[in-house]
*Asks:* 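One structure, pasted below without further comment.
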Protein chains: 2
Amino acid sequence: MNHQESSVKHYRSSRQRKRLLELLCSTEIHPTASWLYDHLKKEFPNLSLGTIYRNLSILIDQGLVQKISASSSFDRFEAKTTPHHHLICTKCGKIIDFEEKVFPAINEEIRRSTDFDIEGYRIDFFGICRECQKKQYKSY
Amino acid sequence: MNHQESSVKHYRSSRQRKRLLELLCSTEIHPTASWLYDHLKKEFPNLSLGTIYRNLSILIDQGLVQKISASSSFDRFEAKTTPHHHLICTKCGKIIDFEEKVFPAINEEIRRSTDFDIEGYRIDFFGICRECQKKQYKSY
DNA sequence: TTCCTTAATAATAATCATTCCGATTACGAA
DNA sequence: TTCGTAATCGGAATGATTATTATTAAGGAA
């Protein structure tokens, strides 16, 4: 959110948040809050789920992490790297990054024809992943 | 979801569901479940919120309605018409349909480079709507 | 029309991801 | 090292959605 950069908020550092970010950077599975909690719990036995959520929102505010809401009942998170889109399996809910190319024509098109101040876009592709395709055949 | 068409489920008709669909077709605001509840409650004083949710899922199953999950804490719904995308205001959460053109290049590109069985895609544009742009200036 | 089977409804409880709160801990400036 | 306060922990609160159960009403058959 560009319009918040003017009021830069300073956050005190914490080991929990440092490790949370490292964990997010080290995986590609787009974890849920509870997955992150389970993994860091081993390292911080007193860890609280509230700490996960609060730090995720701090990291999002810092632009280091982004939230993905993909029609499931719970949010997923990922460390922000390069812009990319998502392949979402409508069977099992799995989300896969789709780096591939950015489509520049979309940006031009959209800016021309709306009075929104567009910050970006995300393409979610819906379909059935390889594993679920196999399962479909088996179920007959 | 194409893979469900083979087992066609028959639903008994109901006045509540009939009116729910009519209401969804008559508006462009992408209502929440509780908005739909509040409106139909006038017509059906005994209406239950569970009835809204159950009928929404039936209408979705019938392909007449689709659910939009746009990073808010609650779902929004719309009657399915032609394929289109969404402009989502990151300030106020408003969602606006963006008919405009379909981008055929995306389909070709994606089908070539993944083993997903792609059913479709949706582009969510994030930005700040005209009204919220005005409010921003005022806050200084 | 009347009856009968069963899906749809209403009311309410349960679920569960997320947020909030009060007491305690620990970062980091002086 | 001290001190002010942000970060943490634990648990309770919130709120959207789902499940449960008794009641109502589609809609097909007689």
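The figures here come from the full heavy-atom set of this structure, side chains too, leaving out hydrogens, waters and symmetry mates. In what follows, every chain begins at residue 1, and chains take the letters A, B, ... in the order their sequences are listed.
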*Asks:* Separation of A/Asn55 atom CG from C/dT18 atom P, in whole Å?
*Replies:*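 One finds 15 Å between P of C/dT18 and CG of A/Asn55, rounded.
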
*Asks:* Given that A/Arg15 and B/Ala33 both sit by DNA chain D, which one's nearest nucleotide is further toward the 5' end?
*Replies:*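 Its nucleotide being nearer the 5' end, the pick is A/Arg15.
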
*Asks:* Nearest whole Å is fine: how far is C/dA7 C1' from B/Ile58 CD1?
*Replies:*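 The answer, rounded to whole Å, is 9 Å.
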
*Asks:* Would you say a side-chain N or O of A/Gln16 is under 4.0 Å from OP1 or OP2 of C/dA26?
*Replies:*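 Result: no.
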
*Asks:* For the pair made of CG in A/Asp75 and P in C/dC16, what is the distance, rounded to whole Å?
*Replies:*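 Interatomic distance, CG of A/Asp75 to P of C/dC16: 17 Å.
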
*Asks:* Are B/Ile58 and B/Leu56 co-members of a hydrophobic cluster defined by side-chain heavy atoms under 4.5 Å apart?
*Replies:*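 No; B/Ile58 is not reachable from B/Leu56 via cluster members.
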
*Asks:* With the side chain of B/Thr51 defined as its heavy atoms from C-beta on, choose the nearest nucleotide among C/dT9, C/dT19, D/dT8.
*Replies:*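 Closest of the options to the side chain of B/Thr51: C/dT9.
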
*Asks:* Linking I/L/V/M/F/W/Y whenever their side-chain heavy atoms sit closer than 4.5 Å, directly or via other members, would B/Leu36 and B/Ile29 fall into one cluster?
*Replies:*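 Yes, one cluster joins them.
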
*Asks:* Round to the nearest Å and state the distance from B/Phe74 atom CZ to C/dA17 atom C1'.
*Replies:*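 Computing the B/Phe74:CZ to C/dA17:C1' distance gives 15 Å.
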
*Asks:* Counting the atoms with a prime plus P, OP1 and OP2 as sugar-phosphate, which does B/Ser34 contact under 4.0 Å by heavy atoms, base, sugar-phosphate, or nothing?
*Replies:*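 The residue B/Ser34 makes no contact with any strand.
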
*Asks:* A/Leu49 near the nucleic acid: base, sugar-phosphate alone, or nothing, with a heavy-atom cut-off under 4.0 Å?
*Replies:*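 Touches a base.
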
*Asks:* If you find the nucleotide of DNA chain D closest to B/Gly50 and the one closest to B/Arg12, which residue's nucleotide is nearer the 5' end?
*Replies:*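 This one resolves to B/Gly50.
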
*Asks:* Using a cut-off of strictly less than 4.0 Å, decide whether B/Ser14 has a side-chain nitrogen or oxygen near OP1 or OP2 of C/dT9.
*Replies:*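 Looking at the OP1 and OP2 atoms of C/dT9, one of them is under 4.0 Å from a side-chain N or O of B/Ser14.
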
*Asks:* Taking atom P of D/dC9 as reference, at what distance in whole Å does atom CG of A/Leu40 sit?
*Replies:*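 Distance check: A/Leu40 CG to D/dC9 P gives 10 Å.
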
*Asks:* Looking at B/Glu28, I want to see if its CD is surrounded by more than 12 non-hydrogen atoms of other residues, nucleotides or ligands under 6.0 Å.
*Replies:*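 It does not: B/Glu28 CD has 12 such atoms or fewer within range.
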
*Asks:* Using a 4.0 Å heavy-atom cut-off, does B/Thr32 contact any base of the nucleic acid, only the sugar-phosphate backbone, or nothing at all?
*Replies:*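 Nothing: the residue B/Thr32, judged by heavy atoms under 4.0 Å, touches no strand.
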
*Asks:* For the side chain of B/Asn46, starting at C-beta, report the closest nucleotide among D/dC9, C/dT9, C/dA11.
*Replies:*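 Closest nucleotide among those given: C/dA11.
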
*Asks:* What is the distance, rounded to the nearest whole Å, between atom CD1 of B/Ile52 and atom C1' of D/dA19?
*Replies:*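 Rounded to the whole Å, the gap is 17 Å.
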
*Asks:* Using whole Å, report how far NE2 of A/His10 lies from C1' of D/dT5.
*Replies:*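 One finds 13 Å between C1' of D/dT5 and NE2 of A/His10, rounded.
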
*Asks:* Side chains of B/Glu78 and B/His86: closer than 4.5 Å at any heavy-atom pair?
*Replies:*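 A side-chain contact exists here, since the closest heavy-atom pair is under 4.5 Å.
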
*Asks:* Give the nucleotide from the list C/dA10, D/dT18, C/dA8 with an atom nearest to the side chain of B/Tyr53.
*Replies:*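 Nearest to the side-chain atoms of B/Tyr53, counting from C-beta on, is D/dT18.
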
*Asks:* What's the NZ-P distance between A/Lys18 and D/dA6, to the nearest Å?
*Replies:*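 Going from A/Lys18 (NZ) to D/dA6 (P), I get 23 Å.
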
*Asks:* At under 4.0 Å, does any side-chain N or O of B/Arg54 touch on OP1 or OP2 of D/dT17?
*Replies:*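 No, no such contact exists.
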
*Asks:* Considering the options B/Arg17, B/Lys18, B/Gln16, which one meets the side chain to side chain donor-acceptor pair (under 3.5 Å) requirement together with B/Asn55?
*Replies:*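 Output: one option passes, namely B/Arg17.
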
*Asks:* Looking only at side-chain atoms of B/Ser13, point me to the closest of D/dG27, C/dA8, D/dT18.
*Replies:*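 For B/Ser13, the side-chain atoms sit closest to D/dG27.
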
*Asks:* Which part of the nucleic acid, if any, lies within contact of B/Phe44, taking any heavy atom under 4.0 Å across all strands shown: a base, the sugar-phosphate backbone alone, or nothing?
*Replies:*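 No contact at all - B/Phe44 keeps every heavy atom at 4.0 Å or more from the nucleic acid.
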
*Asks:* Look at the side chain of B/Ser48 against the base of C/dA11 and say whether a donor-acceptor pair falls under 3.5 Å; ignore hydrogens and angles.
*Replies:*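 A donor-acceptor contact between them is present.
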
*Asks:* I want to check something: taking the side chain as every heavy atom from C-beta on, are A/Phe125 and B/Thr114 in contact at a cut-off of under 4.5 Å?
*Replies:*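 Side-chain contact under 4.5 Å: no.
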
